[in-house]
There are 2 protein chains.
Amino acid sequence: MNVQTFSALAEPHRLAIVELLLDEPLPVGEIAEKLNLNQPQASKHLRILNEAGLVEVHPLANRRIYKLRPEPLQEMDMWLDSYRRMWEMRMDRLEDYLNDLQKKN
Amino acid sequence: MNVQTFSALAEPHRLAIVELLLDEPLPVGEIAEKLNLNQPQASKHLRILNEAGLVEVHPLANRRIYKLRPEPLQEMDMWLDSYRRMWEMRMDRLEDYLNDLQKKN
DNA sequence: GCAAAATATTCCTTGACTGGAATATTCCTA
DNA sequence: TAGGAATATTCCAGTCAAGGAATATTTTGC
């Protein structure tokens, strides 16, 4: 699993940007406006998200539309696979426990 | 989604600790040894993982066994749900595209 | 209670990150 | 081609995080 993805999402404004872009691609100006950021701050955060591969840019007239890229999140999803097994095992044990309870009563 | 989880996992050593603890709970000393960390560094990282809820401690004799907690990762899993929809939609479109190709030939 | 093992904390220094302000760049349109 | 809108970059100051070294704390067993 790539640490850069976590690092990019570890900043509240950047996480907010990603969640915002889930709805639809947006130009810098609107992102800044919706999140109450100054435009330079928005650009800087988008740069980092871009370097982490979490977004991609599509120029449109004199604006730049930023759009979510699924790959890093898919990687996260795959990474979580191993951990899902862990907590499902715990769930199984809980089921066993509840079954035992039922048998005893 | 809680930024603290990402923040905790954004440090390579801490990510390594989490991945190490997936196999089995371990005392500080062994964690430090397996990851080539000084003991104080290991303790400091474990403190942060603990504050983020990613691990829990169980004292055993004069050692402290650190163990993975699934909750934050489950939260991540739930958070990813929204994004899964996104990339599955893209996959669907890919399927449509491939179907079209087949019909044409 | 004391020594030793295991772990936690503190202090210090250094490097990285963030926001603000100013400025530069890019690209469209008239 | 000049002006203006949209965006990117730079510079600066303040803050925060990480590692190293030293030290403190806790717990056990004798």
Side-chain angles (χ1 to χ4, degrees), chain A residues 1-69 72, chain B residues 1-21 23-69 72 76:
Chain A
M1 176 68 205
N2 190 0
V3 168
Q4 206 183 0
T5 306
F6 289 134
S7 184
L9 297 173
E11 208 281 332
H13 290 137
R14 285 197 293 268
L15 183 57
I17 291 179
V18 166
E19 293 179 341
L20 184 59
L21 291 184
L22 179 56
D23 287 336
E24 50 175 349
L26 287 174
V28 178
E30 283 195 45
I31 295 174
E33 187 184 357
K34 298 205 186 202
L35 300 179
N36 275 322
L37 292 175
N38 300 327
Q39 174 270 316
Q41 273 43 287
S43 281
K44 282 189 262 187
H45 284 309
L46 285 165
R47 184 215 235 274
I48 293 181
L49 289 172
N50 187 45
E51 284 168 357
L54 277 160
V55 300
E56 61 189 21
V57 204
H58 296 278
L60 180 65
N62 61 349
R63 288 176 309 170
R64 313 193 81 212
I65 312 294
Y66 279 87
K67 182 181 168 191
L68 220 48
R69 282 189 71 240
Chain B
M1 177 68 205
N2 190 1
V3 168
Q4 207 184 0
T5 306
F6 289 135
S7 184
L9 296 173
E11 208 283 329
H13 290 135
R14 286 199 291 269
L15 183 57
I17 291 179
V18 166
E19 292 179 341
L20 185 58
L21 292 184
D23 287 336
E24 51 175 348
L26 287 174
V28 178
E30 283 195 46
I31 295 174
E33 187 185 356
K34 299 205 184 205
L35 300 180
N36 276 322
L37 292 175
N38 300 327
Q39 175 270 317
Q41 274 42 289
S43 281
K44 281 188 263 187
H45 284 309
L46 285 165
R47 184 212 233 275
I48 293 180
L49 288 173
N50 186 45
E51 284 167 358
L54 278 160
V55 301
E56 61 190 20
V57 204
H58 298 276
L60 180 66
N62 62 350
R63 288 176 309 170
R64 316 193 79 211
I65 312 294
Y66 280 87
K67 183 181 168 190
L68 220 49
R69 283 188 71 238
M76 234 173 81

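Numbers restart at 1 for each chain; the letters A, B, ... are given by sequence-line order, proteins then strands.
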*May I ask you to list the residues of residues 1-10 of chain A, by number, that have any heavy atom positioned under 4.0 Å from an atom of DNA chain C?*
none
*asked:* Can you pull out the residues from residues 23-37 of chain A that lie within a 4.0 Å heavy-atom distance of DNA chain C?
replied: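 Heavy-atom contacts with DNA chain C come from no residue of residues 23-37 of chain A; none.
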*Kindly write out the residues that satisfy side chain to side chain donor-acceptor pair (under 3.5 Å) with A/Arg64, not counting sequence neighbours, or none if the list is empty.*
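If we apply the side chain to side chain donor-acceptor pair (under 3.5 Å) test to A/Arg64, skipping adjacent residues, there are no hits.
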*Roughly how many Å is it from CD1 in B/Ile48 to P in D/dA18, rounded to a whole number?*
5 Å
_Nearest whole Å is fine: how far is D/dA5 C1' from A/Gln39 CD?_
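In whole Å, D/dA5 C1' lies 11 Å from A/Gln39 CD.
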Are there any protein N/O atoms within less than 3.5 Å of an N/O atom in nucleotides 10-12 of chain D, and if so, which ones and at what distance?
from: D/dT10; atom 1: O4; to: A/Lys44; atom 2: NZ; distance (Å): 3.4

Can you name the nearest heavy-atom pair linking [X] to [Y], along with the distance?
X       : Y       : answer
B/Leu9  : B/Leu15 : O-CB, 3.9 Å
A/Pro72 : A/Leu54 : CB-CD2, 3.8 Å
A/Ile48 : A/Arg14 : CD1-NH1, 3.5 Å

*Quick one: salt bridge (Lys or Arg N to Asp or Glu O under 4.0 Å) pairs with a partner in residues 43-52 of chain B, sequence neighbours left out?*
B/Arg47-B/Glu51
Atom [atom1] in [X], atom [atom2] in [Y]: separation rounded to 0.5 Å?
X       : Y       : atom1 : atom2 : answer
B/Lys67 : B/Leu21 : NZ    : CG    : 11.0 Å
A/Leu68 : A/Ile17 : CG    : CD1   : 11.0 Å
A/Leu49 : A/Thr5  : CG    : OG1   : 10.5 Å

Please list, one pair per line, the donor and acceptor atoms closer than 3.5 Å that link side chains of residues 56-63 of chain B to other protein atoms, with sequence neighbours excluded.
from: B/Glu56; atom 1: OE2; to: B/His58; atom 2: NE2; distance (Å): 3.1

*OP1 or OP2 of D/dG19 sitting under 4.0 Å from any side-chain N/O of B/His13?*
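For B/His13, the contact criterion (side-chain N or O under 4.0 Å from OP1 or OP2 of D/dG19) is met.
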*Just to confirm, is there a sub-4.0 Å distance from OP1 or OP2 of D/dA18 to any side-chain nitrogen or oxygen of B/Arg14?*
yes
*Listed once per pair and sorted, the ring pair (Phe, Tyr, Trp, His ring centres under 6.0 Å) pairs that draw on residues 8-32 of chain A, sequence neighbours left out*: A/His13-A/His45
*Sequence neighbours excluded - ring pair (Phe, Tyr, Trp, His ring centres under 6.0 Å) pairs with any residue from residues 16-35 of chain A*: none
*What are the 5'-most and 3'-most nucleotides of DNA chain C lying under 4.0 Å from any heavy atom of chain A?*
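Here the contact window of chain A covers C/dT18 to C/dC28.
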*Report which part of the nucleic acid B/Leu60 touches: base, sugar-phosphate, or nothing (heavy-atom distance under 4.0 Å, all strands).*
nothing
In residues 24-39 of chain A, what donor-acceptor pairs under 3.5 Å come from side-chain atoms, sequence neighbours left out?
from: A/Gln39; atom 1: NE2; to: A/Ser43; atom 2: OG; distance (Å): 3.1

